[in-house]
Amino acid sequence: MSTTRISEIAGSLGQEVTLRGWLYNMRSSKKLHFLQIRDGSGIIQGILSLQDAGPELFAAIGALTQESAIEAVGKVVSDPRSPGGFELHLKDVRRVSPSVDYPISPKEHGDAFLMDHRHLWLRSKRQHAILKIRHTIIKGIRDYFDEHGFVLVDSPILTPNACEGTTTLFGTEYFGQTAYLSQSGQLYQEAAAMAFGKTYCFGPTFRAEKSKTRRHLTEFWMVEPEVAYMDLEGDMDLIEDFLCSLVERVLNKHERDLKESLERDIEPLKRVQKPFPRMSYDDALKMIVQIRDATTDAETKAALAIEWGMDFGSPHETELTKKFDRPIMVHGYPYEVKAFYMKRDPNNPKVARCVDVLAPEGYGEIIGGGQREDDLQILEAALAKHELPKAPFEWFLDLRRYGSVPHAGFGLGVERTVAWLCGLHHVRETIPFARTMDRLSP
RNA sequence: UCCCCAGUAGCUCAGUCGGCAGAGCAGGUGGCUGUUAACCACCGGGUCCGCGGUUCGAGUCCGUGCUGGGGAGCCA
């Protein structure tokens with residue numbers, strides 16, 4: 001028996017089709033049943049009258065419960081009264097298997113309850129829209145780099161040491177020694193870029209920080225491109241072009257999902273066009289000080305306290321991005337607060353040739369990147385300054401011993417990007433099964 | 001690690017000054033021929049997060065613990 005997918009139902013207008021799916025919801029009166037049927041590709045309304053069905057079938061269908069697996073046979077008709085424009089005049093509905101006391105009702109639920117039932121929550125319209133957009137973003141990322149001459153060179157997930165030596169890592173037993181789950185594939189991409197010129201890795205990343213905020217997950221996906229013979233300016237050009245292509249792709253493919261399922265205002269997304277504002281840390285700092293001086297709210301004033309040499313915190317970034325209608329690129333942070341591999345600016349040794357991209361509408365940092373230190377002596381000094389052992393980084397230093405060239409790259413957080421484009425409050429909805437400090441299941 | 005908020009029916013929540021435990025939804029029964037989170041009537045449903053304290057009396061006040069949420073730091 002051939003099955004029709006709801007997403008392709010328009011092609012079967014006027015014909016009798018068989019759908020295989022689940023009962024999403026049902027409304028009934030004495031002589032009419034309205035079944036909302038979903039099959040994973042979409043939702044369609046099926047209608048059945050007592051007159052057409054006869055009392056036996058009519059009663060059997062009336063007894064179906066939410067999320068029962070069903071096989072429905074009916075004629076596809078166009079009807080403006082039906083959500084979606086099409087509906088199915090049902091001839092027969094067979095129950096494939098029952099669903100008793102389905103926990104997620106069509107009414108509202110709390111976040112914790114829904115996260116406990118994440119395996120079922122995935123069936124809802126809103127989660128469908130989000131995860132389909134996530135899929136588009138992931139495909140968009142791969143297509144962009146594949147079409148621009150990059151080679152996919154995956155970095156390992158099990159690593160022997162702290163890549164950056166800063167954040168907290170998950171450790172695991174590894175045949176008598178300790179291995180750590182990767183917090184970044186970047187160091188390995190530097191080796192890959194010296195071999196292939198332009199490379200990227202794309203995979204899960206792990207951070208054991210006790211961060212309980214709407215922007216943090218302990219397991220998240222990151223894409224990390226790296227390019228040989230590219231400097232900071234080239235890096236920013238790449239970032240700009242790449243982000244614009246992602247936004248455009250999502251707008252083209254998901255305008256309805258964004259507007260209808262997610263109630264996302266897409267006007268701010270349409271403004272994401274080149275060029276993005278580029279500003280130095282110094283200029284950003286001046287703006288923050290101006291904002292701080294102009295504010296009358298004592299709490300905001302205190303949160304914005306800063307002086308040269310300090311890294312920006314979330315409150316600083318949030319206030320800064322409010323002044324712009326597109327992503328901004330802040331470059332040249334103080335050398336001391338950045339990771340050891342960042343290139344020290346030869347013209348201004350107090351700053352690093354790095355860049356952070358801050359998304360608009362309060363979504364904050366979605367990209368961190370920059371030019372890498374290609375000078376052996378400066379890199380050795382940086383390792384010492386950060387009190388990192390030299391031995392585990394010998395292979396990394398080799399890259400500076402055998403044909404070192406300027407190179408740059410960045411890391412984009414997929415979940416923060418999905419949250420931004422979908423206009424979500426929390427990143428936990430942007431990944432099928434979120435891992436946070438307090439959640440390891442389902 | 002620190003700061004703030006919350007925990008009452010399967011779910012979302014209300015509960016006044018400390019005085020009989022409540023509503024909507026979900027579930028069950030009945031009604032309704034175009035419903036849009038359908039609607040109407042009736043019914044069943046409680047370890048008020050745990051422990052201790054104050055009180056004639058605690059969902060309510062105090063202490064403490066646990067769990068969840070938000071934020072800081074850190075970061076994508």
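Remember, predicted model here, so these are calculated numbers, not experimental data. Within every chain, numbering begins at 1; the chains are lettered A, B, ... in the order of the sequence lines, protein sequences first and strands thereafter.
- Residue A/F34 and nucleotide B/G34 are not classified as a stacked aromatic pair, given the requirement of ring centres less than 5.5 Å apart at an interplanar angle below 30°.
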Atom pairs, protein N/O to nucleotides 22-28 of chain B N/O, distance under 3.5 Å:
none

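- Near RNA chain B, meaning a heavy atom under 4.0 Å away, there are no residues from residues 88-100 of chain A.
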Enumerate donor-acceptor pairs with a distance under 3.5 Å from any side-chain N or O in residues 56-66 of chain A to protein atoms, sequence neighbours excluded.
from: A/T65; atom 1: OG1; to: A/S68; atom 2: OG; distance (Å): 3.1
from: A/T65; atom 1: OG1; to: A/S99; atom 2: O; distance (Å): 2.5
from: A/Q66; atom 1: NE2; to: A/I104; atom 2: O; distance (Å): 3.1

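- When the P atom of B/A72 is taken as reference, atom CZ of A/F312 falls 16 Å away, rounded to whole Å.
- The ring of A/F312 has its center closer than 6.0 angstrom to the ring center of A/Y281.
- Below 30°, between 30° and 60°, or above 60°: for A/F396 and A/F393 the angle between ring planes is above 60°, a perpendicular geometry.
- Listed pair A/H109 / B/G10 fails the phosphate criterion, with no side-chain N or O lying under 4.0 Å from OP1 or OP2.
- One finds no salt bridge joining A/K274 and A/D237 here, because no Lys/Arg side-chain nitrogen approaches an Asp/Glu carboxylate oxygen to under 4.0 Å.
- Every pair passing salt bridge (Lys or Arg N to Asp or Glu O under 4.0 Å) that includes a residue from residues 28-49 of chain A is listed here, sequence neighbours excluded: A/R38-A/E67.
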N/O donor-acceptor pairs under 3.5 Å from side chains in residues 350-370 of chain A, not counting sequence neighbours:
from: A/R353; atom 1: NE; to: A/Q371; atom 2: OE1; distance (Å): 3.3
from: A/R353; atom 1: NH2; to: A/E233; atom 2: OE1; distance (Å): 3.1
from: A/R353; atom 1: NH2; to: A/Q371; atom 2: OE1; distance (Å): 3.2
from: A/D356; atom 1: OD2; to: A/Y333; atom 2: OH; distance (Å): 3.4
from: A/E361; atom 1: OE1; to: A/R264; atom 2: NH1; distance (Å): 2.8
from: A/E361; atom 1: OE2; to: A/R264; atom 2: NH1; distance (Å): 3.3
from: A/E361; atom 1: OE2; to: A/R264; atom 2: NH2; distance (Å): 2.9
from: A/Y363; atom 1: OH; to: A/G423; atom 2: O; distance (Å): 3.4
from: A/Y363; atom 1: OH; to: A/L424; atom 2: N; distance (Å): 3.2
from: A/Y363; atom 1: OH; to: A/L424; atom 2: O; distance (Å): 2.9

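- Look at A/S314 and you won't find any side-chain N or O under 4.0 angstrom from OP1 or OP2 of B/G71.
- The phosphate of B/U33 has neither OP1 nor OP2 within less than 4.0 Å of any side-chain N or O from A/K30.
- Between A/R215 and B/A72, a side-chain N or O to OP1/OP2 separation shorter than 4.0 Å is present.
- Of the candidate nucleotides B/A76, B/C75, B/G34, B/A76 has the atom nearest to the side chain of A/L217.
- When ring centroids are compared, A/F242 and A/F410 come within the 6.0 Å threshold.
- Within residues 358-373 of chain A, the residues that have a heavy atom under 4.0 Å from RNA chain B are, in order of number, A/E365, A/I366, A/I367, A/G368.
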